[in-house]
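Only one structure is covered here, and it is reproduced in the block below.
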2 protein chains.
Amino acid sequence: MITNMKSLKAILEEKGIKPTYQRLKILEYMSRNTVNHPTVEMIYEKLLKDIPTISMTTVYNTLNAFLEKGLVDAITITGTEMRYDFNTDSHHHFLCKRCGRIMDIEVTCPFSEGKKLQYGHRVEEVHGYFKGICKDCLKDVRNSAEESSL
Amino acid sequence: MITNMKSLKAILEEKGIKPTYQRLKILEYMSRNTVNHPTVEMIYEKLLKDIPTISMTTVYNTLNAFLEKGLVDAITITGTEMRYDFNTDSHHHFLCKRCGRIMDIEVTCPFSEGKKLQYGHRVEEVHGYFKGICKDCLKDVRNSAEESSL
DNA sequence: CTTCATATTTGTAATCATTTTAAATATGTA
DNA sequence: TACATATTTAAAATGATTACAAATATGAAG
Ligand SMILES: [Mn+2]
Ligand SMILES: [Mn+2]
Ligand SMILES: [Zn+2]
Ligand SMILES: [Zn+2]
């Protein structure tokens, strides 16, 4: 895990972002929640416990700064709100229509190789995702089906 | 082109949607603008010329109905607004960061084959897209570079 | 052709995520 | 200590979308 080797402070300084308390806390949260793909709301609510004065605007501003410097990726799968990803390595996602969770999917195929010119366009980002019902929700659905047939 | 074979009216009736004037006009617009991937705004502004009384709400309602019945697909690439696609065959997209256009990309790879169980999840939709600078914008950028070096 | 029930359309208000703005606070330096 | 600058904050503004309720259209029954 990169976060252990390089301190959060060093990560920010390397990108030319002043390592303020709130920025460090936001980056720390992101680095510890790679499976979540959290919303601004989720980050804000959690940090509120440590920093009672933090504002939503700071979370928005900070994530936009991180985004510009390539410290995080933005995921626009749901259509309602932005989800953020600390893992900027090329990978795909799965959105569960039932529980709303977004999970990582490793895909190895020509599509995800990316960064090549397509149709004469200059490709800078490659995104791929699936939508459906996740493993856990499938189990839930099966269980409630059993119950109702008792 | 499917729209020539089967009338717009027949398409709606087949899906159990009453073919009202505004619905037919919206479907007609969608069928004639498959390269656009239009926003609600774009559809509304265009239809306003034929139907001066049409409301934004009707466009939203109608597209949501079409979406439920699988007559169109929704594209959530930009993060700001929904884009709609009359072409519901599995294909990918390219979003130009400069001009904002979304264009179709044919991709043939294991990823786009889709509809298979991944990680135990039930996959219902497969989405893939690229972001970058489109062919035309690359040309523009090159041209303005020339100009400024005169 | 009326009358009534139902579905659709419309305009307005409400909602929700995000951005803008300006004031308050913190930081670093002279 | 004083001041310039950057950051944070709260509040207001924006923009896309949905919710709501009134107006209108449609279609069957009499
Ligand atoms: Mn991820
Ligand atoms: Mn398309
Ligand atoms: Zn789930
Ligand atoms: Zn372009």
Side-chain angles (χ1 to χ4, degrees), chain A residues 8-9 12-13 15-29 37-69 71-85 95 100 102, chain B residues 8-9 12-13 15-29 37-69 71-85 95 100 102:
Chain A
L8 297 170
K9 193 153 165 279
L12 291 183
E13 281 168 345
K15 294 289 185 177
I17 301 173
K18 278 193 190 153
T20 66
Y21 185 59
Q22 14 286 83
R23 285 170 178 169
L24 283 166
K25 283 298 194 178
I26 292 170
L27 189 63
E28 184 188 33
Y29 178 94
H37 304 93
T39 63
V40 162
E41 177 82 28
M42 287 161 74
I43 301 167
Y44 172 74
E45 290 299 341
K46 185 63 190 302
L47 292 189
L48 213 49
K49 292 166 186 169
D50 285 324
I51 320 168
T53 62
I54 200 169
S55 78
M56 207 86 153
T57 307
T58 297
V59 182
Y60 274 107
N61 288 340
T62 301
L63 286 169
N64 283 336
F66 288 2
L67 218 45
E68 268 176 36
K69 300 295 183 174
L71 280 181
V72 299
D73 276 350
I75 305 175
T76 60
I77 299 187
T78 68
T80 53
E81 83 286 284
M82 198 71 92
R83 306 284 287 254
Y84 295 91
D85 196 340
L95 169 66
I102 294 177
Chain B
L8 297 169
K9 191 152 166 283
L12 290 183
E13 281 169 345
K15 296 288 185 177
I17 301 173
K18 278 191 191 155
T20 65
Y21 184 59
Q22 13 285 84
R23 285 170 179 169
L24 283 166
K25 282 298 193 178
I26 292 170
L27 189 63
E28 183 188 33
Y29 178 94
H37 304 94
T39 63
V40 163
E41 176 83 28
M42 288 162 74
I43 302 167
Y44 172 74
E45 291 298 341
K46 185 63 191 304
L47 293 189
L48 213 50
K49 292 166 185 169
D50 285 324
I51 320 167
T53 60
I54 200 168
S55 78
M56 206 85 155
T57 306
T58 297
V59 182
Y60 274 107
N61 288 341
T62 302
L63 286 169
N64 282 337
F66 288 1
L67 218 44
E68 267 175 36
K69 301 294 184 176
L71 280 181
V72 298
D73 276 350
I75 305 175
T76 61
I77 300 186
T78 69
T80 53
E81 82 286 283
M82 199 69 94
R83 308 284 286 254
Y84 295 90
D85 196 342
L95 169 66
I102 293 177

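A, B, ... follow the sequence lines: proteins, then strands. Residue 1 opens every chain.
Base engagement by Thr57(A) is indicated by at least one non-hydrogen atom pair under 4.0 Å involving a base atom. At the heavy-atom level, Thr39(A) lies nowhere under 4.0 Å from the strands shown. Counting any heavy atom pair closer than 4.0 Å across all strands shown, Met82(B) reaches sugar-phosphate atoms only and no base atom. When heavy atoms are screened at a 4.0 angstrom cut-off, Gln22(B) is found touching the sugar-phosphate backbone but no base atom.
Rounded to an integer number of Å, the gap from CG of Asn64(A) to C1' of dT7(D) is 15 Å. If you take CG of Leu12(B) and P of dA7(C), they are 18 Å apart, rounded to a whole angstrom. Rounded to whole Å, the distance from CD1 on Ile17(B) to C1' on dT9(C) is 16 Å. Separating the NZ atom of Lys18(B) from the P atom of dT26(D) is a distance of 11 Å, rounded to the nearest angstrom. Spacing between atom CZ of Arg83(A) and atom C1' of dT18(C) amounts to 16 Å, rounded to whole angstrom units. For the pair Ile26(A) CD1 and dT8(D) C1', the computed distance is 11 Å after rounding to whole Å. Across the protein-nucleic acid pair, Met56(B) atom CE and dA19(D) atom C1' stand 16 Å apart, rounded to whole Å. Rounded to whole Å, the distance from CD on Glu41(B) to C1' on dT14(D) is 14 Å.
The shortest distance between side-chain heavy atoms of Leu27(B) and Ile17(B) does not fall below 4.5 Å. Contact of the Leu95(B) side chain with the Ile75(B) side chain is not registered, since no non-hydrogen atoms from C-beta on lie closer than 4.5 Å. By the 4.5 Å heavy-atom criterion applied to side chains, Leu8(B) and Leu12(B) are not counted as neighbours. Contact annotation: the side chain of Thr39(A) never approaches that of Met82(A) to less than 4.5 Å [non-hydrogen atoms, C-beta and beyond].
One finds a side-chain N or O of Thr20(A) lying less than 4.0 angstrom from the OP1 or OP2 phosphate oxygen of dT8(D). When the side-chain nitrogen and oxygen atoms of Asn61(A) are compared with OP1 and OP2 of dT8(D), none of them lie within a distance under 4.0 Å. Residue Thr58(B) places at least one side-chain N or O closer than 4.0 Å to OP1 or OP2 of dT10(C). OP1 or OP2 of dT17(D) has at least one side-chain nitrogen or oxygen of Tyr60(B) nearer than 4.0 Å.
Side-chain proximity of Thr53(A) to dA17(C), dT17(D), dT9(D): nearest is dT9(D). Of the candidate nucleotides dT8(D), dT18(C), dT19(C), dT18(C) has the atom lying nearest to any side-chain atom of Val40(A).
In the displayed structure, Glu68(A) atom CD is contacted under 6.0 Å by at most 12 heavy atoms of other residues, nucleotides or ligands.
Between Tyr44(B) and Gly79(B), the one whose closest nucleotide on DNA chain C sits nearer the 5' end is Tyr44(B).
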